[in-house]
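Inspection log for the structure reproduced underneath, given as C-alpha cells.
Naming: A, B, ... by sequence-line order, numbering from 1 per chain. Computation of the quantities below employed the complete heavy-atom set of this structure, encompassing side-chain atoms and omitting hydrogens, waters and symmetry-equivalent molecules. Because the structure is a prediction, the values reported are computed rather than measured.
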Protein chains: 2
Amino acid sequence: MKLEHSDLPGHSDVTASPDALHNDCRGVATVLSRVGDKWSVLVIMMLGERPRRFNELKRMIGGISQRMLTLTLRGLERDGLVTRTVFPTVPPRVDYELTDLGRGLSTTVKELGEWAKQHLPDIEAARQSFDRRSAE
Amino acid sequence: MKLEHSDLPGHSDVTASPDALHNDCRGVATVLSRVGDKWSVLVIMMLGERPRRFNELKRMIGGISQRMLTLTLRGLERDGLVTRTVFPTVPPRVDYELTDLGRGLSTTVKELGEWAKQHLPDIEAARQSFDRRSAE
DNA sequence: CCGAATCCAATCAGATACTG
DNA sequence: CAGTATCTGATTGGATTCGG
C-alpha cells in the first residue's frame, strides 16, 4: 500500500457543519492537532538543537515504532515544518531539519510547554481529586 | 457501562520507555494532547466569554455529538479546567465555566491559535505543494 | 434538559517481515 | 540505514435508546 495522506497523523479533518464561523477554526484545528500529536511535538523538540538522522531520532525518542516515526516525519514535512535531505551515500543517510516555519512553531510550542510544566501539579492534583470523588 | 477515564479524550498515556528524561515529557504530553483535542479547544474558546449551558455549547459547536461533548466536558472538568454546576431546577440546568486554570490555558492557547492563523497560508501552501509532488 | 449505556463502523498504532 | 507492506488488536466516534 502506498502512503495516503489520510494515514498521516494530525489531520482529523472535520466533516460536519460548514458554518461561516468555523471555516477559520477548522484550518486552525488541523495545526493544533499537530501540536497535540504525541510524537510530532517530541520530534520537533529533538530537532530544535540541530538536524538529526532517522535512527538518531528513533533512539532519542525510544518508544516509537518505525512506522509512526515515518508517518510523523512525513506529516511534518508535508506541513512545511521539516525538511528531508537524502545523501546518496552507502549506507544511505537522511537528515531531518526544522524549517524556519518549524522553528517558529517550536518556540511557540515551547511556551505552551512551559505553561504545562508550571501547572502540571495543579492538573494532576485536580485529576486525583476528581478520580477520588468519582470512585466512591 | 460506566464512564472510565480511559474513555476520556486527550489521555493517550504513553506506556513505553520509563526513561528519566521522558518523565517530564509524558506529563506535559497529556496536557498538550488536551490542546490538540479538536473539541476541547473549541469548548474552551466558547467558555472564554462567559459560562454556558450544555445544549448551548452543543448548538454553538454544531458538529459534536452528545457523547463527545459529555466526554470532552468530563475531561476538562477532571483536569480542573472547567467547573460544572448543577441547578436542581426543573427542567435541570447545568452550567459550565472556566476555572482560573482554564482561563490561563485559554490565553496561552489563544496565542498558539494566533500563530496558527498567521501561518496557516504557509502551511496550506506547503501541503498542496507536497501533495502535488507526491502525486506524480 | 442533561446525560448514561450500548452497539457498531472507522480509524489508528504496534509488531513483524521484507527491500534498495 | 531508512524505509515500505501487511496483518491485527486497540481506540475512537457517531447513532440510537433510555432515564432522572
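- Straight-line distance from the NZ atom of B:Lys58 to the P atom of D:dG14: 10 Å, rounded to whole Å.
- With rounding to whole Å, A:Glu56 atom CD is found 17 Å from D:dG3 atom C1'.
- Closest approach to the B:Thr70 side chain among D:dC1, C:dG3, C:dG14 is made by C:dG3 (side chain taken as heavy atoms from C-beta onward).
- Straight-line distance from the CZ atom of A:Phe54 to the C1' atom of D:dT4: 11 Å, rounded to whole Å.
- Comparing D:dG14, C:dA15, D:dC1 by their closest approach to the side chain of B:Trp39 singles out D:dG14.
- No single ILVMFWY cluster, assembled from side-chain heavy atoms under 4.5 Å apart, contains both A:Val90 and A:Phe87.
- For D:dC1, neither phosphate oxygen OP1 nor OP2 lies less than 4.0 angstrom from any side-chain nitrogen or oxygen of A:Arg53.
- A salt bridge does not link B:Glu56 to B:Arg93: none of the charged nitrogens lies less than 4.0 Å from a carboxylate oxygen.
- B:Arg84 has a side-chain polar atom (N or O) that falls below the 4.0 Å cut-off from OP1 or OP2 of C:dG3.
- Not one N or O on the side chain of B:Asn55 forms a donor-acceptor pair closer than 3.5 Å with the backbone of B:Lys58.
- For A:Met68, the side-chain atoms get nearest to C:dA13 when compared with the rest of D:dG14, C:dA13, C:dG3.
- Of the two residues near DNA chain C, A:Gln66 and B:Val94, the one whose nearest nucleotide lies more 5' is B:Val94.
- In this model, the phosphate group of D:dG3 is approached by a side-chain N or O of A:Tyr96 to a distance below 4.0 Å at OP1 or OP2.
- Per the geometry, CD1 belonging to A:Ile61 stands 15 Å off C1' belonging to C:dG14, to the nearest Å.
- Residue B:Arg67 places its side chain closer to D:dA15 than to any other of C:dG20, D:dA15, C:dC2.
- Per the geometry, CG belonging to A:Leu69 stands 16 Å off C1' belonging to C:dA15, to the nearest Å.
- In terms of modelled atom types and a separation under 3.5 Å, the side chain of B:Arg78 and the main chain of A:Asp131 share no donor-acceptor contact.
- Using a distance-only test at 3.5 Å, with no hydrogens or angles considered, no donor-acceptor pair links the side chain of A:Thr72 to the main chain of A:Trp39.
- Atom CD1 in B:Ile64 sits roughly 14 Å away from atom P in C:dC2 (whole-Å rounding).
- If you take CG of A:Leu57 and P of D:dA2, they are 9 Å apart, rounded to a whole angstrom.
- What separates CG of B:Asp95 from C1' of C:dC2 is a distance of 12 Å, to the nearest Å.
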